[in-house]
K.L.:
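Dropping a structure here in structure tokens format, bear with me for questions.
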Amino acid sequence: MSIQRTFSIIKPDATARNITGKVNAKIEAAGLRIIAQKRLLLSEKQAAGFYAVHKNRPFYSDLVKFMMSGPVVVQVLEGENAIAAYRKVMGATNPSEADSGTIRAEFALSIDANTVHGSDAVDTASDEIKFFFTEEELVG
Ligand code: CMP
């Protein structure tokens, strides 16, 4: 077990429904601490750049458009095995496959409007945190 940091986005479907507090209640109940947070409207450059790893996938253009369709909340989470712990509380990418009690099972509307994003590995967590936050903004 180790203390890790991971990166989280609360997506536009959640800000539109005013449920960011409900999402974060689940994150905090899972033992994760929100050590940095900001609410942003992503530019096309930010949305396309953040998801560049998916640029050859058929869903890329819809994904970029969706992520620009309303405010998002970007966050850094810290805790024991934070990367796996957050992925567990998020549930599967497709909400129809998400375990009950997970964020996506309770709140997601579709595989596109799936309420949250979370890093999948140590390297991507580090890159994704740096994409949106400076070291000084990780306030604990
Ligand atoms: P996220 O974890 O933010 O990473 C990429 C996003 O692409 C994913 O959540 C989904 O919202 C979206 N997406 C749409 N279709 C697919 C798909 N077939 N496989 C994976 N992700 C998809």
Side-chain angles (χ1 to χ4, degrees):
M1 301 280 269
S2 66
I3 299 292
Q4 287 179 332
R5 288 174 176 174
T6 192
F7 177 73
S8 157
I9 305 179
I10 304 180
K11 296 189 179 185
D13 65 283
T15 59
R17 287 176 288 151
N18 204 25
I19 57 168
T20 62
K22 288 181 178 170
V23 170
N24 278 335
K26 284 199 172 281
I27 288 172
E28 291 177 344
L32 295 163
R33 177 173 292 271
I34 301 163
I35 63 163
Q37 184 182 63
K38 49 193 166 188
R39 188 171 176 111
L40 303 171
L41 257 182
L42 297 183
S43 65
E44 184 164 8
K45 188 175 172 203
Q46 282 175 309
F50 181 80
Y51 280 116
V53 67
H54 294 305
K55 66 175 181 293
N56 295 323
R57 307 285 294 273
F59 56 81
Y60 179 65
S61 136
D62 284 346
L63 172 62
V64 170
K65 271 189 224 138
F66 172 65
M67 293 302 289
M68 296 167 57
S69 68
V72 298
V73 180
V74 295
Q75 314 188 118
V76 180
L77 311 180
E78 187 176 82
E80 287 281 352
N81 292 322
I83 296 166
Y86 183 42
R87 289 183 76 78
K88 187 170 177 199
V89 74
M90 283 195 300
T93 304
N94 187 339
S96 67
E97 294 163 12
D99 289 341
S100 65
T102 61
I103 292 168
R104 285 169 171 157
E106 279 195 24
F107 304 122
L109 303 175
S110 66
I111 193 167
D112 298 302
N114 67 348
T115 308
V116 280
H117 164 82
S119 311
D120 62 1
V122 172
D123 288 356
T124 43
S126 169
D127 291 347
E128 290 177 358
I129 290 168
K130 285 188 200 135
F131 194 94
F132 285 106
F133 292 95
T134 64
E135 193 60 38
E136 293 71 38
E137 289 175 315
L138 310 181
V139 293

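Whatever order the structure lists ligands and atoms in, that order sets their numbers, starting from 1. The analysis underlying the following values was restricted to heavy atoms, covering all of them including side chains, and did not include hydrogens, waters or symmetry mates. Source: prediction; values computed, not measured.
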K.L.:
Distance check, rounded to the nearest 0.5 Å: R104 atom CZ versus D99 atom CG?
P.N.:
12.0 Å

K.L.:
Shortest non-hydrogen contact from E128 to S119?
P.N.:
OE1-OG, 2.8 Å

K.L.:
Sort out the contact shell of ligand 1: every protein residue with a heavy-atom distance below 4.0 Å, listed by chain and number.
P.N.:
K11, Y51, H54, R57, F59, L63, T93, R104, I111, D112, N114, H117

K.L.:
Can you spot which of M68, M67, R17 makes a side chain to side chain contact (heavy atoms under 4.5 Å, CB included) with P12?
P.N.:
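Considering M68, M67, R17, a side chain to side chain contact (heavy atoms under 4.5 Å, CB included) with P12 is found only for M67.
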
K.L.:
Filter on side-chain hydrogen bond (donor to acceptor under 3.5 Å, both in side chains), then keep only pairs touching residues 58-79, sequence neighbours left out; what's left?
P.N.:
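Counting only pairs at least two positions apart or across chains, the side-chain hydrogen bond (donor to acceptor under 3.5 Å, both in side chains) contacts touching residues 58-79 are R5-E78, S8-Q75, N24-Q75, Q37-Q75.
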
K.L.:
Tell me whether the count of non-hydrogen atoms from other residues, nucleotides or ligands lying under 6.0 Å of NZ in K38 goes above 12.
P.N.:
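Counting other residues, nucleotides and ligands, NZ of K38 exceeds 12 neighbours.
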
K.L.:
Just by modelled atom types, is the A48 backbone N or O under 3.5 Å from a matching donor or acceptor in the K55 side chain?
P.N.:
no

